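Worksheet: one structure, shown below.
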There are 2 protein chains.
Amino acid sequence: MNKTQIKLIEAAEREFADRGFHGASVRDITTRAGTNVASINYHFGSKEELFLAMIRHRIEPINQERFELLEAALQEANGTPLEVRSLVEILIRPLVNSFSRGTNRKSFMRAMGRGMSEETQFTSILYKDVLGKLIKTFRYEFGRSMSDHPEELVDHCFAFLGSSISGVMHHRQKADNGHMRINFPDADHLINFVTGGIEAVVAATRP
Amino acid sequence: MNKTQIKLIEAAEREFADRGFHGASVRDITTRAGTNVASINYHFGSKEELFLAMIRHRIEPINQERFELLEAALQEANGTPLEVRSLVEILIRPLVNSFSRGTNRKSFMRAMGRGMSEETQFTSILYKDVLGKLIKTFRYEFGRSMSDHPEELVDHCFAFLGSSISGVMHHRQKADNGHMRINFPDADHLINFVTGGIEAVVAATRP
DNA sequence: AAAAAAATCAAACGTTTGTTTAAAAGCGAG
DNA sequence: CTCGCTTTTAAACAAACGTTTGATTTTTTT
């Protein structure tokens, strides 16, 4: 990955974060990157592939860390299912930690959050290509952790986890609407929220 | 509001839900509505104002119900702060209940969820114009309910509630990505999740 | 029934979109 | 220095965008 490609990806993060996928034009991106208009198509093939490359570039190290942590936890558990809290923690902590590493990681988060809820076309590509294995694996472990509950309830809880994560990714950096002033939350708060929420849902179904 | 305007709003719900604000063109919308291309500008002024009109048309009855429920609950509480669960319930139940009323309410939900995370320009208009009073009021009551906790923690919890709601609004109707199969959750599950989550966050801060 | 107002229509408006082209410039290796 | 390859560049591309126009039809008012 050469210098121009890096510049394009970093500019793309900012522009996609600020304007969304459709809202950011290739000219916006190349102007910010200081490159020619044609550079996106030359180096990545299309605007869409630039977006995907950007996502992969940032998310793959995070996902690798997640898989490593899961592996280690499963090893230690020695065959018994993990706690829900452990799974939640493994999914959230590497993500939130990456906020504080690097300058515009928050832009990337927002760009990914927006892009994934905005575009239907490559959302499915992304699921298959980048997130599919992660989702499948953790959904499976969730099923083991909640094995005495109906699959539908597991799905709901897993979905709640998903929206909480994507909710964090959507948040703006600055308090810009005058009503909600939000900083990126501590990983601990988010983990407590999701875990406590799931436990409450589970507790309510068996009276 | 005449017949053409209704047709346009309903078509807009579907198109904005499927393609997002920028992704759906005025020609997509008017074709689906069976009207002329110029009808959007004639009746609403612009594509953007059509979007806002669509949001208002659906969200205002919901918000009115929320305010009425809050009023009633405050009356009954007689000056004492409400439980967090009550506030969560008042915000969530009218929204989720509206899913089952009318044919394409789910499209509206998704359209609003997408539009609000996609567009920055009228997101702020929407906050000021449609959601501002609601957010302000419930944030204030949240503060009363959690009065022995720092404001920052209240903000975080309020934000968690917000992302959970907007997470529900983002969900697709069909299981379309092969990994996550999500139906719109019961109001009860969502309420339990958010309330339990907030309680867990609060509990963790005082050991 | 005539006049006034409102709504619809096909057509065209000027921009902006993502992408392509073909020539120019940069560059490492022999 | 030159060759072969990669990269950058300015220009142009067709297509799609939101919007406007002016004539025509429909509806309402008098």
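Naming: A, B, ... by sequence-line order, numbering from 1 per chain. All of these numbers come straight from a predicted model, not from anything done at the bench.
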Check your understanding: A:Ser145 side chain to A:Leu82 main-chain N or O, any donor-acceptor pair under 3.5 Å?
Key -> yes

Exercise for review: Output yes when a side-chain donor or acceptor of A:Asn2 lies under 3.5 Å from a complementary backbone atom of A:Gln5, and no otherwise.
Suggested key: yes

Exercise for review: With B:Val88 as reference, evaluate B:Val84, B:Leu91, B:Ile90 under the side-chain contact (heavy atoms from CB on, under 4.5 Å) test and give the passing residue.
Suggested key: B:Val84

Point to revise | Ring centre gap for A:Phe108 and A:Phe99 strictly below 6.0 Å | key: no

Rounding to an integer number of Å, can you tell me how far [X] [atom1] sits from [N] [atom2]?
X       : N      : atom1 : atom2 : answer
B:Lys47 : D:dT19 : NZ    : P     : 8 Å
B:Lys3  : C:dT8  : NZ    : P     : 10 Å
A:His22 : C:dT17 : NE2   : C1'   : 10 Å
B:Leu8  : D:dG18 : CG    : C1'   : 15 Å
B:Lys7  : C:dT8  : NZ    : C1'   : 11 Å
A:Asn41 : D:dT7  : CG    : P     : 15 Å
B:Ile29 : D:dA16 : CD1   : P     : 17 Å
B:Leu50 : D:dG18 : CG    : C1'   : 12 Å

Point to revise | Short side-chain N/O contact to D:dC17 OP1/OP2 from B:Ser25, under 4.0 Å | key: yes

Review point. Is a salt bridge present between B:Glu60 and B:Arg56, judged by a nitrogen-to-oxygen distance below 4.0 Å?
Key: no

Point to revise | Pair A:Glu151 + A:Arg139, salt bridge at N-O below 4.0 Å | key: yes

Grab the N/O contacts between the protein and nucleotides 8-12 of chain D below 3.5 Å, and write none if there aren't any.
| from | atom 1 | to | atom 2 | distance (Å) |
| --- | --- | --- | --- | --- |
| D:dT8 | OP1 | A:Thr4 | OG1 | 2.4 |
| D:dT8 | OP2 | A:His43 | NE2 | 2.6 |
| D:dA10 | N7 | A:Asn36 | ND2 | 3.4 |

Point to revise | Comparing A:Gly45 and A:Asp28 on DNA chain C - which has the more 5′ nearest nucleotide | key: A:Asp28

